Structure formats: structure tokens, C-alpha cells
Amino acid sequence: MKTDSLDDWRKTTSTSDVTSESDGKEVTLFGWIKEIRDLGAVKFLILQDREGTIQLTIVKNRAEEKVLRKTDLIQTQYCVAVKGTVKKTSMTKRGFEVIPREIKILGVAQHPLPLDVTGKTSALLDTRLNARVLDLCHEENRALWSVQSKALEALRQFLTDRGFIEVYTPRIISTATEGGAALFSIDYFDQEAYLAQSPQLYKEQLTLCFEKVFEIGPFFRAEASHTRRHLSEFISIDIEQAFVKSSDVMKLLEEIMHFTCTTVKENCRKELEILKHEVEVPKLPLKRLTYSEVLEELKTEGNSVPWGEDIPTPAYRTLGKLHPYFYFVTDWPTESKPFYIAPKDDQPEVSEGFDLMWRWMELASGGTRVHAKSVLMHRLKEQGLNPESFRHHLQVFDYGVPPHAGWATGLERMVMMLTGKRNIREVVLFPRDRSRLTP
RNA sequence: GCCCUGGUAGUAUAGUUCGGUCUAGUAUAAGCGGCUGUCGCCCGCUCGACCCGGGUUCAAAUCCCGGCCAGGGCGCCA
């Protein structure tokens with residue numbers, strides 16, 4: 001079908017701008033037809049844009065011929081433009097409707113569609129992800145990304161207000177890895193290169209010149225994880241600050257969580273209602289448990305973990321039941337933390353690293369960093385890494401690296417916390433995992 | 001990578017226990033017709049499916065083996 005030209009038509013009004021006060025007003029609306037109810041002599045079209053929906057009413061013996069011809073062609077999910085008059089009425093739920101004077105068909109949809117756009121029949125996540133943009137039209141998803149956008153705005157505002165500057169470190173890196181997660185290798189002309197798993201080393205280096213930095217951006221982990229909280233590509237929110245230690249950045253972290261929760265709770269009432277989720281603003285200070293205290297608690301619950309070992313997922317689930325909100329876990333064994341986490345001066349087997357937990361899920365992790373080159377070299381070797389492959393990083397430690405600390409949190413996990421979603425794929429536009437590379 | 005469960009029209013499901021009236025049921029979407037006010041409109045008709053490959057059997061959606069995919073859990077990891 002040949003579609004109509006946009007010409008000089010421009011949107012004057014969003015569906016949400018139409019109120020009973022606009023009675024009699026001429027409007028130009030753009031959107032998509034989500035439902036058609038043809039009662040014979042009268043036809044109702046439900047037009048949706050990103051703000052919501054409005055009913056178009058066509059009374060057949062009163063409508064103009066050209067309007068009738070267009071409406072006969074329209075199918076669900078067609079993209080249309082409407083010039084018409086707002087009419088106050090008691091016969092719609094919102095109290096008004098729009099009587100079209102002229103309609104343009106701007107985009108057509110091919111039926112059958114992979115999803116039910118009316119939302120009457122729900123689809124499984126896998127089906128939804130395969131037709132993601134169509135799925136994103138649903139009110140609940142639009143609410144979800146409003147929450148994410150508001151959360152990002154809050155995070156940026158909080159950090160810039162406190163003098164942090166936003167930076168971008170490379171996504172394409174050379175061999176130096178921090179250990180831990182596997183890297184994706186890429187073709188980089190005639191050199192070996194990888195996708196960055198975190199901005200860790202760069203953000204630490206930048207404390208030498210900028211003192212307080214943050215970065216929000218995608219990072220990549222080549223782990224064959226199959227869980228509902230891991231992705232191959234995720235958005236990390238990273239901060240690093242000079243002249244402070246872990247207790248300072250923990251305070252910053254709990255304040256930013258408090259601020260973000262408060263902002264979302266106050267500014268996204270409608271969205272949270274749509275999502276049927278309540279955001280509980282954390283009471284500060286958050287609980288601080290040491291790793292050893294956590295092991296004691298687990299032992300009491302019949303879930304013993306030997307000191308020095310990582311805490312397995314089932315044990316975290318137990319902890320989540322004991323502490324069903326935010327809590328810090330501090331004083332981790334040095335051997336279980338990455339090489340850049342500083343050991344305590346008076347007790348080197350214990351580190352100044354911490355995790356911020358939300359129920360059973362790790363939400364953030366950070367700590368005081370090592371800033372003495374000799375200690376860093378020693379820690380690298382202890383972790384079985386080759387100092388030679390960190391040559392460029394280590395060199396910076398000859399330029400006067402300040403004492404510093406920082407943390408990183410995953411945006412997707414924060415949004416899960418803010419929206420009540422249980423699978424991380426729900427809160428990513430186009431998720432990438434072990435087996436999903438499309439769309 | 002491992003374990004458990006599953007894969008049936010565009011979508012979501014029933015049927016699989018114990019192979020046979022399953023010519024595969026239902027809802028929704030889609031198509032056609034009807035209807036003056038619907039709002040999950042309604043009514044009638046129509047279209048449309050057993051993941052792929054192999055095996056057992058007179059007979060497989062149903063049982064067995066392999067593969068792929070999905071959901072959950074574990075591990076890895078954050």
C-alpha cells in the first residue's frame with residue numbers, strides 16, 4: 001500500500017495533552033492504532049503514542065467520505081496522523097474523544113504480528129525479545145524505561161553536584177586484564193585486542209589528574225553464565241575518587257542509592273503504579289556486616305562456608321532472607337578480591353573491599369585501592385598475573401598516584417531493584433547473553 | 001559448562017500420565033459478514049499448529065536416542 005506523505009503536518013498535541021478542557025480544539029495527533037472496534041454505524045480507533053492513548057470516533061453517517069475511506073484501510077499497528085476536533089463526552093472513560101477530519105496513513109504493519117499489540121494475550125519473554133520494539137510499545141515497558149531514564153538523571157546529577165566529572169575510557173583494550181571475567185577478543189588490524197570488562201584501571205589512573213571521575217557505559221564479559229542476573233553486555237556505573245578510602249565511598253554509595261530511590265519514587269509515581277511496584281527508600285546508614293559476621297550468620301542457618309572462600313549463590317539467598325533489603329558486606333579476605341583492592345595495614349589477610357547487596361543480589365562492589373607500586377606488583381604476582389602485561393598501568397604509579405577508592409554498580413541490576421523485575425533481560429532493550437545475539 | 005523442566009496455529013495454552021474417535025480442544029490475534037456509543041464490545045462464519053533428525057511400533061503430538069532453543073537452578077562471574 002502507498003503511504004501518505006507527512007507534508008507540513010506536525011504534532012500539535014500528545015495523547016496525554018488532551019484533556020476535557022481542550023473541548024472543541026483542533027489537534028494534530030501522531031501515533032499507532034492499537035485497537036479497532038467497529039460497531040457498524042460507529043467505529044472506534046484507539047490511537048497510542050509514547051504518552052498514552054486516545055479514542056478516535058468515526059460516526060459513519062456523519063464522517064466525511066475521505067475519512068471513511070482511510071479508516072477502512074487502517075489495521076492495528078498502522079502508524080497514522082490525525083487532524084480532528086477534541087470532543088467532551090461522558091461516553092469514554094477519559095471524558096473526551098477526537099473526531100477526525102482528516103487522516104493520513106504514514107506506516108503500514110504486516111499481519112500477523114509476532115505479538116498481540118492489544119495486550120490481551122501475553123507473550124513469553126523470549127517471544128517478546130524477538131520482537132522487541134513491538135514489545136517496547138507496551139505501556140509497562142514505556143514506564144520501565146522512564147524509570148531507567150530518571151534513575152540515570154538522578155545518578156548524574158548526584159555525582160556532578162559533588163564535583164565528579166564524567167569520562168569515557170576505551171572499550172577496545174590491549175592484553176592487560178584485571179583477571180576475573182573472561183574477555184571477548186576482537187580483530188584490531190594486525191594486533192590482538194579485547195573488549196573492556198570494566199574501566200577499572202583507567203578510572204584509577206584518572207584520579208591522578210581529575211581526582212573525582214565517573215563513567216556510565218557498556219562493558220563486556222565473555223562468561224558463559226546462564227542466570228537471570230548476568231549479561232554479556234551490561235551498563236556499568238563506575239566512580240573513582242582521590243584522597244579517600246572505602247568508608248568514604250561507601251557513604252557516597254549509600255547516599256546515591258538513597259537519592260536515586262527518592263527521585264524515582266517521587267517523580268515516577270504513575271510509572272511505578274503501572275509496574276505495580278513500590279520503591280522503598282533506604283534508611284541510612286545501611287547495615288554493615290563484615291565477611292566474618294556473614295559466615296557466622298550462615299553457620300547458624302546451617303550453611304557453613306570456610307573462611308577465605310567466596311559465598312555461593314544459595315548462601316546469598318539465605319542472606320537475602322535474613323536481610324531483605326540493602327546491606328554492605330565488608331572486610332573480605334584479600335585473596336578473594338582483585339589485585340587492586342588494598343589489604344588492611346594492620347591485618348593484610350583482610351581487605352578494604354566491600355560489596356553492596358540488595359537482598360541476595362550483588363548490586364555494587366568497591367573498596368580502597370592499592371596506590372603503592374610495590375604493593376601492586378606484589379598483589380599482581382600473588383594473584384598469578386604477569387606484571388609485564390600491566391606495564392602501562394604500572395608506569396602511571398611512578399607519576400604520583402594518590403590514595404584513592406571507588407566502586408561500580410550495574411545499571412540493569414539497579415533498575416531491577418527499582419522496578420521489581422526478576423530477569424535482567426526484562427530491563428535491557430536488546431539483551432546479549434550466552435546464546436542471544438539478535439535482534 | 002552441569003542439573004531439572006519444557007518446546008502444540010501469529011500469540012498464549014489444553015491434550016502427553018497409560019500410543020489408537022486427535023479429523024488435535026480453548027482463548028486471543030488475523031480475514032469475511034452483521035450491529036448507533038464501544039472501551040478485554042458483541043454475534044456468526046473462515047484461516048491457521050504437534051521444534052529438527054533418527055528409532056521403536058500395525059499405529060507416535062504422546063515412548064526412546066541425539067541436536068537446537070527456552071525457563072529455572074548451580075557453576076563461572078559482577
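These figures come from a predicted structure and were not determined experimentally. In what follows, chains carry the letters A, B, and so on, assigned in the order in which the sequence lines appear, proteins first and then strands, with residues in each chain numbered from 1.
- B:C51 and B:U8 are spaced 10 Å apart, taking the C1' atom of each and rounding to whole Å.
- The six-membered or imidazole ring of A:Phe354 lies away from that of A:Trp407, with a centre-to-centre distance of 6.0 Å or more.
- Taking 3.5 Å as the limit, the base of B:C76 and the side chain of A:Ser225 contain a donor-acceptor pair of atoms between them.
- Between A:Phe219 and A:Phe234, the angle of the ring planes lies from 30° to 60°, which puts this pair in the tilted group.
- Residue-level contact check: A:Phe234 touches the bases, meaning some heavy atom is under 4.0 Å from a base atom.
- In this structure, the salt bridge (charged side-chain N to carboxylate O under 4.0 Å, His left out) partners of A:Arg156, at least two apart in sequence or on a different chain, are A:Glu166.
- The residue A:Thr92 sits close to a base: some heavy atom pair falls under 4.0 Å.
- Side-chain nitrogen and oxygen atoms of A:Arg317 include at least one within less than 4.0 Å of the OP1 or OP2 phosphate oxygen of B:C74.
- Side-chain N/O atoms of A:Glu35 and base N/O atoms of B:G40 include no donor-acceptor pair closer than 3.5 Å.
- Within 4.0 Å (heavy atoms only), A:Asn423 reaches sugar-phosphate atoms of the nucleic acid but no base atom.
- B:U17 and B:C63: their C1' atoms are spaced 12 Å apart (whole Å).
- Counting non-hydrogen atoms under 4.0 angstrom, A:Ile424 reaches nothing in the nucleic acid.
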With 3.5 Å as the limit, what N/O pairs link the protein to nucleotides 47-52 of chain B?
none

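- Atom CG in A:Asp116 sits about 8 Å away from atom P in B:A30, given to the nearest Å.
- One finds no side-chain N or O of A:Thr76 lying less than 4.0 angstrom from the OP1 or OP2 phosphate oxygen of B:A29.
- The side chain of A:Lys93 contributes an N or O atom lying less than 4.0 Å from OP1 or OP2 of B:G40.
- Ion pairing between A:Arg369 and A:Glu240 holds under the 4.0 Å rule for side-chain N and carboxylate O.
- Among the protein residues, A:Ser236 comes within range of no part of the nucleic acid, since none of its heavy atoms lies under 4.0 Å from any strand.
- The side chain of A:Leu125 sits closest to B:G71 out of B:C76, B:G37, B:G71.
- Using a 4.0 Å cut-off, no side-chain N or O of A:Arg228 falls inside it from OP1 or OP2 of B:G71.
- Looking at heavy-atom distances under 4.0 Å, A:Val59 makes contact with a base.
- One can find a donor-acceptor pair under 3.5 Å joining the base of B:U36 and the side-chain atoms of A:Asn61.
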